[in-house]
Amino acid sequence: MADRITVEGFLNEFKQRHDTMRESRPFCWILGSGASFQSGIPTGKDLAIEWLKDLHKRKDSENRPIQEWATEENLEIKGFDYSRAASFYPLIYHRRFHRFKEQGYAFLENAMDHAEPSFGYSVLAQIMATTLHKVAITTNFDNLIAYALSIYTRTFPLVCGHESLTGYIRPDRLRRPLIAKIHRDLLLAPLSDPDEIAKLPGEWAAALTKIFDRFTPIVIGYGGNDGSLMEFLKKLSPIEGGVFWCHREGDEIDPAIDEVVEHHRGDLVAIAGFDEVMLLLKETLQLPSLEQDLKNVQDKRVGDYQKQFEELIAKLRKPAASEAAEKAREPARKAAEAAVERLTKENNWWAWELKARTEPDPARREAIYRDGLKEFPASVELTGNFAEFMEDVRKNYDEAE
């Protein structure tokens, strides 16, 4: 039986190795669907139940409760047990979508389309971007890790979302974070059928062997329900430094997971959840807060967007250098005017600012500002810009005050 350690013990071990062995033996991350749940993406269990409900509606003419209908015989899934539906995920997926695989891809895309990285991913992004713990291996199809790296650290990772890309994985020469998506990317025919995920492709086996030769894995949110990664880990020579397999507090440990952890002389760690353990790691490493940096980046992005749009409209309103250039500019000029009018209809204060800023006549510009402030009397931005205009252009210092 594998060793059990407390989350405090795990954090202490992480910090000690981070401080003393970061160059020789960094950590890597193995993430499953449980890590994406707090980002609004259904877990494998949730998806399996939803597909069972679809099959139940389609197949059960007797209108029985789903727990009674969903049997080995009715589903044609050997050994099926409704209480362990998550462990039959690939077989249920196959049963639901085997006649039309594109529908399965579309379902998964829709389920993950608007997911936003949860707090835990912001911490993971910081760690991957600023330390040597740069590698994430995932069975997930989503893009939460790459998205989090982009928005929280402005770091662009190497994403290997297909086995044909594994030749680019060089664990000993990583200049940027690496994301290894062993069941492929969401948009690259993701693997879910039983025969597809029963065995790890040779390209991935070679790449993961290189990764584990250098990195010690921390597993979070992975239930071991695919045959590919689990079988690979069972046969792989014991990983130096073991493996830290995090599971939800109170969950029953699958014997297959216990076997893998024991094989690698690792530890099972009971955690409250992905976001919670990443918060603990944030404090353990004393990572800086991201709030001000995020605000600065967003403010600059909005400011740059507005400035570029204003400059484009101002340019289009000026006469062109020739008749031919004037004719070429006319469609863009009409589009610009339509865009400003649309902003006005959307009840946006910035539409009035655009109208005012691109109006060359000071008297008309003042009138535009005054009309805008009737519509948006509480707009700090419009009020401030009008005050600057009254001071710098109209020289009406009292009203500017």
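Here the structure is a predicted model, which means the values were calculated and not measured. For the single chain, residues carry numbers from 1 onward in sequence order.
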Next item on the list: Please confirm whether the backbone N or O of S39 pairs with a side-chain atom of S36, one donor and one acceptor, at under 3.5 Å?
Entry: no
Item checked: Polar side-chain atom of Q286 near backbone of E283 as donor-acceptor pair, under 3.5 Å -> yes
Item checked: Pairs touching residues 283-306 that satisfy ring pair (Phe, Tyr, Trp, His ring centres under 6.0 Å), sequence neighbours left out -> Y305-W350
Notebook entry, point to check: Taking only residues two or more places apart in sequence, or in another chain, which ones meet Y82 in a ring-ring contact (aromatic ring centres under 6.0 Å, His included)?
Noted result: none
Item checked: Verdict with reasoning, H133 to F14, per ring pair (Phe, Tyr, Trp, His ring centres under 6.0 Å) -> CA-CA 11 Å; H133 316 308; F14 183 97; 5.3 Å; yes
Next item on the list: Please identify each residue that fulfils salt bridge (charged side-chain N to carboxylate O under 4.0 Å, His left out) with R214, with sequence neighbours left out.
Entry: none
Next item on the list: Measure the shortest side-chain to side-chain distance between E391 and E399 over non-hydrogen atoms and say whether it is less than 4.5 angstrom.
Entry: no
Margin query: For R170, give me all partners under salt bridge (charged side-chain N to carboxylate O under 4.0 Å, His left out), at least two apart in sequence or on another chain.
Written below: none
Notebook entry, point to check: Which salt bridge (charged side-chain N to carboxylate O under 4.0 Å, His left out) pairs, counting each pair once, include a residue from residues 257-266, with sequence neighbours left out?
Noted result: R4-D258
Note to self: Suppose the criterion is salt bridge (charged side-chain N to carboxylate O under 4.0 Å, His left out): which pairs have a residue in residues 158-167, not counting sequence neighbours?
What the structure shows: E163-R184
Checklist line | Member of E341, E337, E375 meeting the salt bridge (charged side-chain N to carboxylate O under 4.0 Å, His left out) criterion with K355 | finding: E341
Next item on the list: Scan residues 317-346 for pairs that pass ring pair (Phe, Tyr, Trp, His ring centres under 6.0 Å), counting only residues two or more places apart or in two chains.
Entry: none
Check: So, does H264 use its side chain to make a donor-acceptor pair with the main chain of V261 at under 3.5 Å?
Finding: no
Check: Does any pair with a residue in residues 70-83 pass salt bridge (charged side-chain N to carboxylate O under 4.0 Å, His left out), and if so which ones, sequence neighbours excluded?
Finding: D81-R84
Margin query: Restricting to side chain to side chain contact (heavy atoms under 4.5 Å, CB included), what partner residues turn up for P157, sequence neighbours left out?
Written below: A146, L149, V159, P177, I179
Next item on the list: Verify the distance criterion only: is there a donor paired with an acceptor across the side chains of Q292 and N296 at less than 3.5 Å?
Entry: yes
Check: Can you list every salt bridge (charged side-chain N to carboxylate O under 4.0 Å, His left out) pair that touches residues 57-68, not counting sequence neighbours?
Finding: D60-R64, E62-R64
Notebook entry, point to check: Is T138 reaching over with its side chain to a backbone N or O of L31, donor-acceptor style, under 3.5 angstrom?
Noted result: yes
Next item on the list: Taking H162 for its side chain and S164 for its backbone only, find out whether a donor-acceptor pair lies under 3.5 Å.
Entry: yes
For residues 229-242, dump all side-chain donor-acceptor pairs below 3.5 Å to protein atoms at least two apart in sequence or in another chain.
unit_1, atom_1, unit_2, atom_2, d
E231, OE2, K234, NZ, 3.3

Check: CZ of F37: more than 12 outside heavy atoms within 6.0 angstrom?
Finding: no
Check: How would you list, by chain and number, every residue that makes a ring-ring contact (aromatic ring centres under 6.0 Å, His included) with Y369, sequence neighbours excluded?
Finding: F386, F389
